[in-house]
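First the structure, in the form of structure tokens, and then the observations on it.
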Amino acid sequence: MTIRQASNNRQAHTIGTAKLALLAIGTFTLGMDSMVLAGLLPQVASDLQVSVSTAGQLTTIFAITYAISSPLIATLTGRLDRRTVLAGGMIIFLVGITGQALGTTFLMVAISRVLAAIGAAGFQANAYAVAGLLAEEGKRGRALATISTGGTVSTVIGTPFGVLIGQSLGWRTSIWVIAALAAISALVVPLLPAVRMPAVALRQRIRVLGQPRVLAILAGTTLILLPTFAVLSYLPVLAAPVVTGSLLAVAMVINGGGQVIGNQVAGRVIDARGALPVVIIALAGSLLCLVVLPVARQSAWSLLLILLLLGCLAGANIVPQQHRLFTVAGDAATTALGLNGSAIYLGIALGSAIGGLSLKIIGVGWLPVVAAVLAAFALLIIWTTAPERRAQHSRVHR
């Protein structure tokens, strides 16, 4: 079955706002998990008796596992009802989260992060694929943005709340809150319509990477996330001493609020103007913010302003990448979208690893500089390899 046939078989199952919101509950939960540890790195490092840079690699471990397991899970579950895969993924994630809350050593927590990442890969990629496949014509950008909003809202409400709980009651209490949300997410999945995706073998999924246009967009997704996570993964260290304690939670609210704004604006602009301009403008804006960040971090107010702007621009970056894949990949769009999830988490892993390495070798003051270089490189690669520009150039010269 091709993606077009799957779309034709939707019957009355075009996905409405209420059902998109159910999927967004899951992405909200995963978003909390990915950012709460970043906000509590000093506490986690102290409890597990490791350095802050080592504790930061828990994000890298999660991201690498997600990147590898996402296409494998998609292949093994290709013929299953997506509700089964979504619920199963969230249950596995719940088991992993519980292991993190109970883990007494870095190794135990790291192993639990691996398990949680496998579950997250089963849920998140399918949430985006279901939303994209069942979206009404002309509203795919907004449908994808709604699912993405679950993750961005978590940085506005959930992550700061988790950080405040962690600072007052310990980081493990925050993890238990995420576990409760994961249980709720698994329970609401049966309320979704039955959906079956086109079955695609692993060889076919890998073959998609042989399409230059798809590979260019996937590489762009990874590059986009490098500067963001090189900085945000170590925000408590970068923001000190001007932003600490409860003000750190405020900073995360502001950054997350910016992501929600950018996410929603991007979805509407994409449907009206196209995806590539959104990516280029957002990435160029991020570069400018990172250039001034070394000066801005000397003052709480200027740092909070930059975090707001970075949030808006980061929130506008991923949805257009997903939309570009739907446009470029044709019948392989669902496969490409799953691989995009791997590209996202590969970017998170590399960004966190680069940030941790920079923190250890050249110090926290150089993090914004390193991130700015990464943003400039991403902008250059995405602009020069954009399939849309090549297609337009070909039309002009016919």
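We use all heavy atoms of the structure for the numbers below, so side chains are in, but hydrogens, waters and symmetry mates are not.
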Contacts of type side-chain hydrogen bond (donor to acceptor under 3.5 Å, both in side chains), residue Ser51, not counting sequence neighbours:
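Residues passing side-chain hydrogen bond (donor to acceptor under 3.5 Å, both in side chains) with Ser51: Ser53, Thr54.
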side-chain hydrogen bond (donor to acceptor under 3.5 Å, both in side chains) with Ser112: which residues, sequence neighbours excluded?
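With neighbours one apart ignored, the set is empty.
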When rounded to the nearest 0.5 angstrom, what distance separates [atom1] in [X] from [atom2] in [Y]?
X: Leu308; Y: Ile254; atom1: CG; atom2: CD1; value: 7.0 Å
X: Phe62; Y: Ile348; atom1: CZ; atom2: CD1; value: 8.0 Å
X: Leu276; Y: Gln321; atom1: CG; atom2: CD; value: 8.5 Å
X: Asn263; Y: Asn317; atom1: CG; atom2: CG; value: 11.0 Å
X: Leu325; Y: Asn340; atom1: CG; atom2: CG; value: 5.0 Å
X: Trp176; Y: Leu169; atom1: CH2; atom2: CG; value: 14.5 Å

Which residue pairs pass the salt bridge (Lys or Arg N to Asp or Glu O under 4.0 Å) test when at least one of the two sits in [range], sequence neighbours left out?
range: residues 43-63; result: Asp47-Arg172
range: residues 301-325; result: Arg324-Glu388
range: residues 233-257; result: none

Do [X] and [Y] sit in the same hydrophobic cluster, where Ile, Leu, Val, Met, Phe, Trp and Tyr count as joined when their side-chain heavy atoms come under 4.5 Å apart?
X: Val50; Y: Val109; answer: yes
X: Leu48; Y: Val52; answer: yes
X: Val278; Y: Leu313; answer: no
X: Val373; Y: Phe229; answer: no

Step through the shown structure and confirm whether more than 12 heavy atoms of other residues, nucleotides or ligands are within 6.0 Å of CD on Gln49.
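Not more than 12 within 6.0 Å, no.
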Answer yes or no: is there a donor N or O on one side and an acceptor on the other, between the side chain of [X] and the main chain of [Y], under 3.5 Å?
X: Thr228; Y: Leu225; value: no
X: Ser302; Y: Gln298; value: no
X: Ser46; Y: Pro42; value: no

Quick one: side chains of residues 280-297, donor-acceptor pairs under 3.5 Å with protein atoms, not counting sequence neighbours, listed by atom name and distance.
{"from": "Ser286", "atom 1": "OG", "to": "Ala282", "atom 2": "O", "distance (Å)": "3.0"}
{"from": "Arg297", "atom 1": "NE", "to": "Leu238", "atom 2": "O", "distance (Å)": "3.1"}
{"from": "Arg297", "atom 1": "NH2", "to": "Leu238", "atom 2": "O", "distance (Å)": "3.1"}

Contact summary for [X] and [Y], nearest pair of heavy atoms:
X: Leu367; Y: Gly355; result: CD2-O, 3.4 Å
X: Ala371; Y: Val231; result: CB-CG2, 3.5 Å
X: Ala55; Y: Val44; result: CB-CG1, 4.4 Å
X: Thr65; Y: Val114; result: CG2-O, 3.5 Å

Which ILVMFWY residues are connected to Trp366, directly or by a chain of links, through side-chain heavy atoms under 4.5 Å apart?
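Leu223, Leu226, Leu346, Leu350, Ile354, Leu357, Ile361, Ile362, Val369, Val370, Leu374, Phe377, Ile381, listed by chain and number.
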Connecting only ILVMFWY residues whose side-chain heavy atoms lie within less than 4.5 Å of each other, what is the rest of Leu380's hydrophobic cluster?
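Listed partners: none, Leu380 stands alone.
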Extract all donor-acceptor atom pairs below 3.5 Å that involve side chains of residues 84-103 and protein atoms in other chains or at least two apart in sequence.
{"from": "Thr98", "atom 1": "OG1", "to": "Leu94", "atom 2": "O", "distance (Å)": "2.9"}
{"from": "Gln100", "atom 1": "OE1", "to": "Arg113", "atom 2": "NH1", "distance (Å)": "3.3"}

Would you call [X] and [Y] a side-chain contact if the rule is heavy atoms closer than 4.5 Å?
X: Thr222; Y: Leu218; value: no
X: Asn255; Y: Leu232; value: yes
X: Leu310; Y: Ile306; value: yes

Given Val237 and Leu359, is the side chain to side chain contact (heavy atoms under 4.5 Å, CB included) satisfied, shown in steps?
CA-CA 9 Å; Val237 182; Leu359 183 64; 4.0 Å; yes
Taking only residues two or more places apart in sequence or in another chain, which ones pass side-chain contact (heavy atoms from CB on, under 4.5 Å) with Ala251?
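Partners of Ala251 under the side-chain contact (heavy atoms from CB on, under 4.5 Å) test: Val243, Leu304, Leu307.
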Results of side-chain contact (heavy atoms from CB on, under 4.5 Å) for Val242 - residues two or more places apart only
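Expected list: Ala300, Leu303.
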With side-chain hydrogen bond (donor to acceptor under 3.5 Å, both in side chains) as the rule and sequence neighbours excluded, what pairs involving residues 346-365 come up?
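Found Ser233-Ser352.
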